[in-house]
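The next block holds one structure in the form of structure tokens; read it before the comments.
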Amino acid sequence: MANYLAQFQTIKSACAHLIIAVEDVSDLWPAVRNNFEERLPFKRACLNNKTRNPVFLENLPAEFVLTTDARLRSRFPQEQYLFWFREPYATLVLVTCEDLDEFKNIVKPRLKVFAQNDEREWFIIFLSKAHPNNDQATKMAKKVYAKFEADFSSKKRERCCKFDIYGPEPNFWEELEFRIMDSIKNTLDRRIQFYEDEIRKLSEQRFMPIWNFCNFFILKESLAFMFEIAHLHEDALREYDELELCYLETVNMGGKHREFGGLDRGDDRAALLNPGNKSLTQIVQGDSFREFEFRQYLFACQSKLLFKLNRPFEVASRGYSFIISFSKALESNESILPFCMREVWVITACLALVDATSIQYNAKDVAPETEKEFYRIQGDLYSLCRIKLLRLAYLIGYGTEIERSPVNSASLSMLPWPKPAVWPSVPDDATSEVVVKEKACYYSTSKNSLFNGNHYSNFKFIASKLYFLYLVQMILQETPRVKHFGIQRKPLPLEPTILVREANRRRSSRSVGNSSEIFHGSLGFNDGLAADVPAKMPQADKAHGFMMSRTYSSPGNFDCLIGRPLRLAEIFVAAEHALKKTISNPDLQKILSSVENFEQKYMELTKGAADNYHHSWWKRYGVVLDGEIAAVCFKRGNFDLAAKSYEKVCALYAGEGWEDLLAEVLPNLAECQKSLNDEAGYLSSCVRLLSLDKGLFSSKERQAFQSEVVSLAHNEMTHHVPLDVSSLITFSGNPGPPMALCDGDTGTLSVTVWSGFPDDITLDSLSLTLMATYNADEGGKLRNSNATVLKPGRNTITFPLPPQKPGSYVLGVLTGHIGQLTFRSHSFSKGGPADSDDFMSYEKPTRPILKVFKPRPLADLSASISSALLINETQWIGIIAQPINYSLKGAVLHIDTGPGLMIEESHSIEMESYKKAGQGSVGTENSGDATKDSSAAAKDCSPAADKHFEQLRLVSGKIEFPDWASDVSSILWIPIRAIDDKLARGSSSGAPEKQIIVDRMRTIALKLEFGISKNQIYDTTIALHFSDPFHVSTRVTNQCNDSTLLLQVTLHSQVNATLSVYDAWLDLHDGFTHAGQGNGRPISAFFPLVISPSSRAGLLFCLCLEKRTAEDENKVPPENILNIRYEISGDRTTGAHPPVAMKSNENDEDTSKNLVFRSALFLQQPVVSPCLAVGFLPLPSDSIRVGQLVTMKWRVERLKDIEEKRVPQNNDKMLYEINANSGKWMIAGRKRGHVSLDMKQGSRIVISILCMPLVAGYIHPPHLGLPGIDEVSISCSPAGCHLVCVLPPAPSSSFCVPA
């Protein structure tokens, strides 16, 4: 079967569609051919796939071929079954017949023979030539067609259809297409089953010696090709996948040695997308195929099907995986392949895949996730091609042109060198090229001697070897490139091992690389990988340490028989000539022909990888490659593009915290910005360099960064742009709780600032903003206009703090000036330990630095007592000064007395601490409670046991608080005197007078100034109650008929103190005299009379009435004076007390009893019988209920005539008033008014009013009162009821539903 490979490939190339055979029995095909071929390709086709599931196809190409065609002539049976996919899938039998005799004698026997072949799918198309206008011919045609159907069709399957040449029926073409599709489906199912059975038989034999992969391949690909021409691409792809797995499983089975391939000219160009790159006969080897060509052939077939399925993403994904796996196969066979065959093949494969998939890809047809993944794979292909191109460029001497960036170093240092069987040698005619290469290498190298004084016996041998080592040292020991700011760094390596040693080791069986170790290992440091070795290590130690990590072969003695090792320039030239033989692609040859072409292609690949990574998930990869683009632009002097790319790279490295990588790129960005005269960007880069870890740069380099900043800041700047130094200068509040102030307070805010500058730096000005936590727009700005010197590390700076609005404040932005440069910092430090200089630590969330409380009582001034003091006497008033969570240090109290009040300035003012009742210690620990009710709290205060005491003087109406009173509550005792010239007047029980308290009230205005700058002011006015010690009420009764009166004088105590009465007498005026021989004094045995606070005492005086004339009666009676000598015993902390003036003479008993109280008495004739009778009339008999109106009635009757002089009234008008509890009664009438009652005895009137009870139960009824008439003149008869019974309201049946 393997002999049919050539024929199989030829048949495949010639067979592109399904074939439909046409058996032209009546030679009518030329007449109808165009009609049939116009129906191609078939629409809405439905075929069964390999698993017998229907697959709907929108387009199925096919071809009509006559059975007499050479392509369908009879073949050998084996050949026919082997290439069954090219056989017709349906047969159309075109036949016509004029009459029944022709059908019976000629047509029918011929068709019977054709129908006996069961392997064919056929059906008959009867072509009718009858003209529509010829009825007889039409009828005959119908009879003949009916005969066809009767003989060749059955119930199971219709095999006949009629085609009218002059006008086919409308449904003919649909019927024809259905018949063809049915035939194709049946044929395809039968052939799939056949191939599956044959493939299964061969698969069972694949581990047997008779196994032949070529036979399996022909059957498998025949089936796949049949699926492909039937447009069942998914099934075809699945067959190729299975074919690839089977090949990889059996390629090396049985230990047979097979050629790998890849040795022909042009094999370096990948054929991943070209199945016809080589014929199968060229790559066959025995019973299988060469791996190099056959695996590429299989992938090309797969990719062709994937493109037909419109899946370029899968082509790229599979292609990248195939390149990686196939590269490993190339590596394992690298010794037999041309030099750098693997690298060249990978480059061409990647470029071919990228170009093909980019053209076929349409982003509108895929999901967003698939789109990103596609761009990621494209970026991987570009990146892989880029790395391989860098390796080839390094091998031909372009290493000095390659940027030694971290990404290039990481990629190339892990990429092994090519491993040919023998490293290529320098052609004989390439001597001039070697000289040119050496000059190019010498231009970028420094000269250092390797000889250290060791001697050997063979001087010529030693001289030749030292010359070799000397040249190698000159070439490989690259001078570190001096960057901006004088930064010197050891170049990063671009090779896995030393190229000189690797190349010469490949040329000989001994390791020439170890010969350098004999000469103290100096060669081992020429690849730039010794940067990790400490600089102060001795040279011999460096060589030893590097030898242990870099040597791949064991040490040995130097062999004199080894030929002269190749120099590095010779290695470059040899590799270049070998690559020219390997590379057959002219484009790739042109790329490696010059540095300019290489850089151009390198930029294209890098941009392609970066752009695709930017469109994928791996955006960071794109940014890193932007750095490689920037390096090339920087090298070419295109600083604008380089700066833009470097900025993206630096942003990525800074965001990820990769400071080591940032330290490599940031100096280049700074140099670009300086070249572009970008002052703001250049300063920002300098600041970022300073903010990096101190170990990344030396002290000298960091000082150079600072000097650039300072120098530019003090020069003329074109654009004054604020410089962000958040990463270099950080700040925080001091440890501990935030500073607490009240609304309106000023203060000094201390801020800790960390400086990352290596040296001291002078800030010409410094400002700090405060941000309110409740509103970011609110805040203040603190300024320190003095020059401030920041030292490296921790600094403490103070700012004057003006009054702020209430709220919590955090540190906002630190701004300032360095020369003409404005800088700002948004960074906050943790605050950490006090001795910490860690200025790069941050705090999240930010801790409040200042709290300004809302306006609240910061202090409270209140009177110590509320009870009355003695009027017209000097009394101590207590003013309680209570701080409320605020210091009163340096407070000043202004005192302003109102009218009728004066301060006795001859006496000193006393101040002492106090505590609340029940409080254990003096202070303001619980002073917060006073904010709720400071006045009530103040009244509950008393002097403390362990109190402070101090005497103060009133100066210009001000008192300065002592220091001890700053944080404790205190009380001020001020001697004060209320003046009132009015004489106290007594009241009569018959017509009592109401006392007006306002007449004896005095006010004192207090203003307390406190706070740091006396900005807090507390104003208040305190009302003081003064009173006489007694209130006198009198009652005169008629004792007998001899005009003798008994006067009852009741003394009511009006102060919160004990009063002792020692004497009392009456000064009577005309109309009254003392009875008998008395002097107007009570019996002396009753004295002293002690009256407790709020109690009463009575005195009786016996008086006689004098006879008076009519003229005397018309006169207003004069006032009688009651004189009382008394003593007061009280405490100033509770109320009235002995006057201050008497305090100094308190040991003199006589002096203490010299207080005299005088009160005017109004005496009139006594009332001995009532003049009015008020009776409550009975309530109605019905029950009183809530919500019902009820009439309350009172009857008023005059019992006797009333003299106007004794009970003054307004003619016959009498005032009444109804008093009722508003929560229990609702009054429907007037509560107060006047009624007419005649002045004559026996006059009556009934007062009635409507009321409504509001609550149920026993409640007090309304009461009738007669204002202005003494209660003794009124007789209540009958007496009113004390309580009335009120029933609940009657139940309502409005919403009741009958049962």
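Predicted model, so just to flag it, every value in this text is computed and none were measured. Only this structure's heavy atoms are used, side chains among them; waters, hydrogens and symmetry mates stay out.
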Is the shortest side-chain N to carboxylate O distance from K581 to D268 below 4.0 Å?
no
Spacing of OG1 belonging to T606 relative to OH belonging to Y602, to within rounding of 0.5 Å
4.5 Å
Judged by atom type as modelled, is there a donor-acceptor pair below 3.5 Å linking the side chain of N612 to the main-chain atoms of G608?
yes
Quick one: does any side-chain atom of E198 pair with a main-chain N or O of F194 as donor and acceptor, under 3.5 Å?
no
CD1 (I571) and CG (N504) are apart, to the nearest 0.5 Å, by 5.0 Å
Minimal heavy-atom distance between L337 and G262, with the atoms involved, is CD2-O, 4.0 Å
To the nearest 0.5 angstrom, please state how far the OG atom of S411 sits from the CD atom of E628.
8.5 Å
Just by distance, do the side chain of T348 and the backbone of A270 share a donor-acceptor pair under 3.5 Å?
yes
Would the distance check show the side chain of N597 and the main-chain N or O of K590 forming a donor-acceptor pair, the cut-off being under 3.5 Å?
yes
Apply ring pair (Phe, Tyr, Trp, His ring centres under 6.0 Å) to the pair Y361 and F313, showing each step before the final yes or no.
CA-CA 7 Å; Y361 179 74; F313 161 69; 8.3 Å; no
Side chains of L492 and S405 in contact at under 4.5 Å (non-hydrogen atoms)
no
Would you say F225 has more than 12 foreign heavy atoms packed within less than 6.0 Å of its CZ?
yes
Would you confirm whether S303, through its side chain, and A300, through its main-chain N or O, come within 3.5 Å as a donor-acceptor pair?
yes
CE of M603 to NZ of K601, rounded to nearest 0.5 Å, is 13.0 Å
Do the side chains of D264 and R290 get close enough for a salt bridge, i.e. N-O under 4.0 angstrom?
yes
Any non-hydrogen side-chain atom of D626 less than 4.5 Å from a side-chain atom of H614?
yes
Nearest non-hydrogen partners of R295 and S325, listed with the distance
NH2-OG, 3.5 Å
D197 with R200: basic N within carboxylate O range, under 4.0 Å
yes
Keeping S616 on the side-chain end and Y613 on the backbone end, is there a donor-acceptor pair under 3.5 Å?
yes
With heavy-atom distances below 4.5 Å as the criterion, would you say the side chains of E599 and E401 are in contact?
yes
Taking the basic N atoms (NZ, or NE/NH1/NH2) and the acidic carboxylate oxygens, is any pair closer than 4.0 Å for E334 and K419?
no
Can you measure from CG (N212) to CD (Q205) and round to the nearest 0.5 angstrom?
10.5 Å
F294 and F217: aromatic ring centres closer than 6.0 Å?
yes
If you take all heavy atoms of P496 and R391, which pair is closest and at what distance?
CD-NH2, 3.5 Å
How about T582 and F339: do any of their side-chain heavy atoms sit closer than 4.5 Å?
yes
Y375 ring center near W618 ring center (under 6.0 Å)
no
Are any of the side-chain heavy atoms of V426 and L566 separated by less than 4.5 Å?
yes
State whether E403 and K635 are salt-bridged, where the test is any N-O pair (Lys NZ or Arg NE/NH1/NH2 against Asp/Glu carboxylate O) under 4.0 Å.
no
Closest non-hydrogen atom pair, G319 against F299
CA-CZ, 3.3 Å
So, do F307 and V315 sit near enough that their side-chain heavy atoms are less than 4.5 Å apart?
yes
Considering only NZ, NE, NH1 and NH2 on the basic side and carboxylate oxygens on the acidic side, decide whether D267 and K278 come within less than 4.0 Å.
yes
Evaluate the ring planes of F326 and F322, with Trp represented by its six-membered ring, and classify them as parallel (under 30°), tilted (30 to 60°) or perpendicular (over 60°).
parallel
Below 4.5 Å, heavy atoms only, C-beta onward: do V284 and C214 meet side chain to side chain?
yes
So for atom NZ, which belongs to K372, do other residues, nucleotides or ligands contribute more than 12 heavy atoms lying within a distance under 6.0 Å?
yes
Closer than 4.0 angstrom, basic N to acidic O: yes or no for K220 and E239?
yes
Tell me yes or no: between the side chains of Q378 and T357, is some donor less than 3.5 Å from an acceptor?
yes
Between L309 and E234, is there a side-chain heavy-atom distance shorter than 4.5 Å?
yes
Rounded to the nearest 0.5 Å, the CG atom of N408 sits from the CD1 atom of I387 at a distance of 6.0 Å
Short question: side chain of Y297, backbone of S279 - any donor-acceptor pair under 3.5 Å?
no
For A575 and I396, which heavy atoms make the closest approach, and how far apart are they?
C-CG2, 4.3 Å
Please check if the distance between the ring centroids of W211 and F216 is under 6.0 Å.
yes
Which label fits W417 and Y394: parallel for a plane angle under 30°, tilted from 30 to 60°, or perpendicular past 60°?
tilted
Can we say R238 and D235 salt-bridge, meaning some charged N sits less than 4.0 Å from an Asp/Glu carboxylate O?
yes
What heavy-atom pair brings L223 and I199 nearest, and what distance separates the two atoms?
CD2-CD1, 3.9 Å
Indicate yes or no for a side-chain donor-acceptor contact from S409 to the backbone of P406 under 3.5 Å, with no hydrogens or angles considered.
no
